[in-house]
Colleague: 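Below: one structure in structure tokens.
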Amino acid sequence: MQINLKNIPLFAGLPDSDLQAIVRKAVLKSYEKNAIVVTEGEFTKSLYVILSGRIKVYLDDENGKELVLDSKGPGEYFGEMVLDEGPRSASVVTTEPSTFAVIATAVFKDLLVKHPEIALIVIKNLIRMARGLDENVRSLAMLDVYGRVSRMLLDLAVEQKGMLVIPEKLTQREMANRVGTSREVINRILRDLTAGGYIRVEDKTIIINKPLPPRG
């Protein structure tokens, strides 16, 4: 696969000459599913642009339980926090086979200096992530388990051919980690939603048939 950054939102509006300059300094890296790309606490000096596949951003607590912060796919990026030259604030793992364009921090900094509009995009993304963390904390504090599951499903759903589809093929364990509950509880909620005709599962993909009930 060749590195093509032309359709990456982060680089929207850049002339071809600048895009090619970045491409020449970027490294193409591919990973299998469930590969650890970044480990919380380590020092690395790269920005990762996702060309294909999906990744999960998460934290591990002292008991080894995951708190999922975000999920990203093609056109998105991670690793922008290397700008402060500190350790990685979270771990990143692939949730399907993935390919990245890896850009050294020095190249990324030079890009931001030359193109302030890209710096604004990065700032907006950092703010969005911070707000997302606030919402996750609020959700965990104020919603019951069913409410958190319902919200997770709706947040992950995208419209495809007139249907609401959750493109990520999450396991029940992964869903449980995202909302702070057990796999058994997730299994019961999904089973009840399926029996009520609210969702259906096709080839491990969840499809939302109609508005989810306010309470489980």
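These numbers come from the heavy atoms of this one structure, side chains and all, not from hydrogens, waters or symmetry mates. In this chain, residues are counted from 1 in sequence order. Keep in mind that this is a model prediction, so the values were computed, not measured.
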Colleague: Measure the CG-CG distance between Leu112 and Leu47 for me, rounded to the nearest 0.5 Å.
Modeller: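 Rounded to the nearest 0.5 Å, the CG-CG separation comes out at 9.0 Å.
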
Colleague: Out of curiosity, Asp70 CG to Ile55 CD1, how far, rounded to the nearest 0.5 Å?
Modeller: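 So the CG of Asp70 and the CD1 of Ile55 are separated by 7.0 Å.
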
Colleague: If you round to the nearest 0.5 Å, how far is CE of Met175 from CG of Leu156?
Modeller: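 Reported to 0.5 Å precision, the distance equals 8.0 Å.
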
Colleague: Within 45° of the ring axis of Tyr198 and under 6.0 Å from its six-membered ring centre, is that where the NZ or CZ of Lys210 lies?
Modeller: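 Yes, a cation-pi geometry holds between Lys210 and Tyr198.
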
Colleague: Just to verify, what does Arg191 make a side-chain hydrogen bond (donor to acceptor under 3.5 Å, both in side chains) with, not counting sequence neighbours?
Modeller: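 Testing Arg191 for side-chain hydrogen bond (donor to acceptor under 3.5 Å, both in side chains), a comparison that skips the adjacent residues, returns Asn187.
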
Colleague: Please determine, by modelled atom types, if Ser30 and Thr99 share a side-chain donor-acceptor pair under 3.5 angstrom.
Modeller: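 Thr99 and Ser30 do have a side-chain donor-acceptor pair below 3.5 Å.
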
Colleague: Out of curiosity, does Ile166 fall in the hydrophobic cluster containing Leu154 (side-chain heavy atoms, cut-off under 4.5 Å, transitive links)?
Modeller: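 Same hydrophobic cluster.
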
Colleague: For Ser91 and Glu40, indicate whether the former's side chain and the latter's backbone hold a donor-acceptor pair under 3.5 Å.
Modeller: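 Judged by distance alone, yes, a pair lies under 3.5 Å.
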
Colleague: Among Glu174, Glu168, Lys56, which one satisfies side-chain hydrogen bond (donor to acceptor under 3.5 Å, both in side chains) with Ser71?
Modeller: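 Single pass found, and it is Glu168.
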
Colleague: Scan side-chain atoms only and decide if Arg54 and Ser98 contain a donor-acceptor pair under the 3.5 Å cut-off.
Modeller: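 No - no donor-acceptor pair under 3.5 Å links their side chains.
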
Colleague: Are Asp203 and Lys169 close enough for a salt bridge, meaning some N to O gap below 4.0 Å?
Modeller: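 Yes, this pair counts.
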
Colleague: Using 0.5 Å steps for rounding, measure from the CD1 atom of Ile206 to the CG atom of Leu164.
Modeller: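 Those atoms lie 12.5 Å apart.
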
Colleague: Taking Gln20 for the side chain and Ser17 for the main chain, is one N or O donor matched with an acceptor at less than 3.5 Å?
Modeller: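 Pair absent, no side-chain N/O of Gln20 close to backbone of Ser17.
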
Colleague: I'd like to know if the side chain of Glu32 pairs up with that of Thr94 as donor and acceptor (distance under 3.5 Å, no hydrogens or angles considered).
Modeller: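 The criterion, which ignores hydrogens and geometry beyond distance, is not satisfied for Thr94 and Glu32.
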
Colleague: Answer yes or no: does atom NZ of Lys204 have more than 12 heavy-atom neighbours from other residues, nucleotides or ligands under 6.0 Å?
Modeller: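 Atom NZ in Lys204 is not packed in, count stays at 12 or less.
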
Colleague: Kindly compute the distance separating CG (Leu193) from CZ (Arg200), expressed to the nearest 0.5 Å.
Modeller: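 Going from the CG atom of Leu193 to the CZ atom of Arg200 covers 14.0 Å.
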
Colleague: Once rounded to the nearest 0.5 Å, what's the spacing between atom CG of Leu170 and atom CE of Met152?
Modeller: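 Between Leu170 CG and Met152 CE, I get 7.0 Å after rounding to 0.5 Å.
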
Colleague: If hydrophobic clusters are built by linking Ile, Leu, Val, Met, Phe, Trp and Tyr wherever their side-chain heavy atoms come under 4.5 Å apart, do Ile207 and Leu212 end up in the same one?
Modeller: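 Unlinked, Ile207 and Leu212 end up in two clusters.
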
Colleague: Would you call Asp18 and Lys114 a salt bridge, using N to O less than 4.0 angstrom?
Modeller: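 Salt bridge absent between Asp18 and Lys114.
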
Colleague: Using the ring of each side chain (for Trp, its six-membered ring), is Phe78 parallel, tilted or perpendicular to Tyr48, with breaks at 30° and 60°?
Modeller: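 Because their plane-to-plane angle is under 30°, the rings of Phe78 and Tyr48 count as parallel.
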
